[in-house]
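Residues: numbered from 1 along the sequence shown. Both counts, for ligands and for their atoms, begin at 1 and track the order of listing.
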Amino acid sequence: MDRLPGFRDFYPEPLPHPDVWSADARQYIFDKWRAAARRYGFREYDGPPLEPLELFTTKSGEEIVGQLYNFTDKGQREIALRPEMTPTLARMVAAHERNYKKPIKWFAIPQLFRYERQQKGRLREHFQFNADIFGEADVAADAELIALLIDTLRSLGLTAQDFIIRLSSRNAWQEYFSQRSSDETKAYEFYQIIDKLEREQPETSKAKLAALGFSYDEITSFIKAGQPTAELNAILQNLAARGLGDFVKVDYQVIRGLAYYTGVVFEAFDQKGEFRAIAGGGRYDNLVKLISGGKVNLPALGFGMGDVVLFELLKSRGLLPKFEAGLDAFCLIEDETLRADSLKLIQDLRAVGYAVDYSLTPAKPDKQFKRAQEIKAAHTIKLERTATGELSARMKNLNTREEKVFAPADFAPHLSPKS
Ligand code: HAM
């Protein structure tokens, strides 16, 4: 039976087939995400993968609602698999924000589900690194978040030659809209057209804009001029002070598709323009209020970075390391009378943190050694009985072929971990 289209199987390396994904690469990316978030003082949270349908239908906006995996459960509840994390997070923060000092800086790595048309960089499930800040209205928070986004990508080996953060502002577009239209109910529709400018035929965008009373040419010149607003200038200066100025540029083409964004918005793209967005985010100062029914009002901002485009980009730039099993030692049990003592040695080594494996059932010595080599163990270890009946342990470094012999109790300090 095949897996569903747009879903992935993750296998340990070496991969058995080009059509499967690497569980090792996924872990590598998750580790980098977590480490970067922690360096910036973000704490990890999580929420349920299933939520009431209403959480998304009222808060995320049309585009994502059209992609929902939703159904009626056995208790007749209308529910949906989460397509994004932000509404869940806003709900969680609204419920217990009083228990946390502001600003709240939290991150998560949820698996998300969207019934999208499958294309390069877009699947029906993906993992998304989310980092969000609550309770800080100053643009210093926007700059901090963008710095985290840049550093996360840098920690994976990407440079300013590989990616760029396109910085924009819904405030700038809001002002543009209000100066030319008096019908505020059409603002989101207008943003959606701007969001799709790059992906749609100019004729289509032109017609849609004209229907709302806007000129395509005027809009393209506004984008081209790219005059930063005061808040965008403050962010650019903040990032320049950190030495991160080369990673950002103002680009009003970015406006973000989701309904809840209110102020500064941004997206990360590869410099060659080969891939879809690597990450996207911005301010959503009204969402907590909306979700809490007006009870809690907290400014908020964040971003989401998916694993799919990121993986493709790292692969194409040769930035994924070679993944190996990472065993410190493989214990050879060539004499079955030594199995009990070998098990004791294996447990002692594992207890102090070494990764050790062995053959579960009796096997020929050459087969055991071959297995140790295949899984790229750093060492083999083997118990032997001396002529006088004492136990000794022989350790072989599989890279240097160097051998050492110890009393089993003295073993652990000599087994240096591979990494
Ligand atoms: P988003 O732009 O919808 O934002 O998604 C963020 C990133 O997730 C995208 O740039 C892309 O890398 C990845 N992504 C989205 N959909 C897919 C898909 N179908 N397949 C593969 N990757 C995908 C949000 O979701 C916001 N909630 C982010 C946010 C957090 N804003 C504030 N806080």
Side-chain angles (χ1 to χ4, degrees), residues 4-8 21 26 29 33 37 42 45 47 51 55-56 59-69 81-93 104-134 141-142 145-146 148-149 152-153 163-166 168 170 191-192 195-196 198-199 254-270 275-288 291 298-314:
L4 289 169
F7 285 75
R8 294 172 289 175
W21 287 66
R26 183 178 78 169
I29 289 172
W33 283 348
F42 283 65
Y45 70 95
E51 288 277 19
L55 185 68
F56 306 112
K59 319 306 189 253
S60 298
E62 272 163 46
E63 188 166 305
I64 233 172
V65 167
Q67 300 168 342
L68 279 176
Y69 273 93
L81 274 169
R82 60 186 175 196
E84 59 156 337
M85 196 61 174
T86 314
T88 297
L89 174 61
R91 175 177 63 66
M92 287 171 58
V93 168
I104 292 170
K105 294 165 85 177
W106 285 0
F107 81 96
I109 307 180
Q111 189 173 21
L112 306 176
F113 305 87
R114 299 182 188 180
Y115 198 91
E116 287 210 49
R117 197 167 53 80
Q118 257 195 92
Q119 49 194 300
K120 193 172 163 214
R122 286 288 176 273
L123 298 172
R124 290 188 173 162
E125 56 71 28
H126 70 283
F127 290 90
Q128 198 187 80
F129 173 40
N130 275 250
D132 293 80
I133 303 178
F134 290 81
D142 302 62
L145 197 71
I146 293 166
L148 167 59
L149 171 52
T152 305
L153 293 173
F163 73 93
I164 184 85
I165 313 291
R166 297 161 66 187
S168 179
R170 278 238 174 142
Y191 297 161
Q192 291 281 81
D195 184 49
K196 293 199 175 56
E198 264 174 315
R199 281 170 275 153
V254 170
I255 190 166
R256 306 283 296 138
L258 291 157
Y260 47 68
Y261 290 111
T262 51
V264 170
V265 285
F266 52 87
E267 281 182 342
F269 279 89
D270 69 288
F275 300 96
R276 302 271 314 244
I278 308 166
R283 271 216 174 254
Y284 52 99
D285 285 344
N286 302 331
L287 188 63
V288 175
I291 280 181
L298 273 181
L301 63 154
F303 71 78
M305 179 190 298
D307 67 326
V308 180
V309 174
L310 185 60
F311 176 85
E312 286 172 353
L313 178 62
L314 293 175

Exercise. Would you please say whether a donor-acceptor pair under 3.5 Å links the side chains of Thr86 and Tyr284?
Key: no
Quiz item: Hey, which of Arg256, Arg276, Arg166 is the one that makes salt bridge (charged side-chain N to carboxylate O under 4.0 Å, His left out) with Glu267?
Solution: Arg256
Which atoms from ligand 1 have a heavy atom of [X] less than 4.0 Å away?
X      : answer
Gly280 : 10 (O), 28 (C)
Gly304 : 6 (C), 7 (C), 28 (C), 29 (C), 30 (C)
Thr86  : 26 (C), 27 (N), 29 (C), 30 (C), 31 (N), 32 (C), 33 (N)
Asp132 : 30 (C), 32 (C), 33 (N)
Asn130 : 30 (C)
Ile278 : 10 (O), 12 (O)
Tyr260 : 26 (C), 27 (N)
Ala277 : 10 (O), 11 (C), 12 (O)

Quiz item: Arg170 pairs by side-chain contact (heavy atoms from CB on, under 4.5 Å) with which of Ile255, Val254, Thr262?
Solution: Ile255
Check each of [options] against [atom] and report the one with the nearest heavy atom.
atom                    : options                        : answer
atom 31 (N) of ligand 1 : Phe127, Tyr284, Tyr261, Phe266 : Tyr261
atom 3 (O) of ligand 1  : Arg114, Arg256, Gln128         : Arg114
atom 27 (N) of ligand 1 : Arg82, Glu84, Arg276           : Glu84

Practice problem: Would you mind checking which non-hydrogen protein atom is closest to atom 14 (N) of ligand 1, with the distance to 0.1 Å? | Solution: His126 NE2, 3.3 Å
Exercise. Can you measure from CZ (Arg122) to CZ (Phe275) and round to the nearest 0.5 angstrom?
Key: 12.5 Å
Quiz item: If you round to the nearest 0.5 Å, how far is CG of Asp307 from CZ of Phe129?
Solution: 13.0 Å
Self-check item: Arg124 NZ/CZ over Tyr115 ring centroid, <6.0 Å and within 45° of normal
Solution: yes
Quiz item: Are Lys120 and Glu312 close enough for a salt bridge, meaning some N to O gap below 4.0 Å?
Solution: no
Quiz item: N/O of Ala131 under 3.5 Å from N/O of ligand 1, yes or no?
Solution: no
Practice problem: For Gln67, enumerate each residue passing the side chain to side chain donor-acceptor pair (under 3.5 Å) test, keeping only those at least two apart in sequence or located in another chain. | Solution: none
Quiz item: Is a side-chain N or O of Gln119 found less than 3.5 angstrom from the main chain of Arg117, in a donor-acceptor match?
Solution: yes
Quiz item: Touching ligand 1 at all, Gly121? Heavy atoms, strictly under 4.0 Å?
Solution: yes
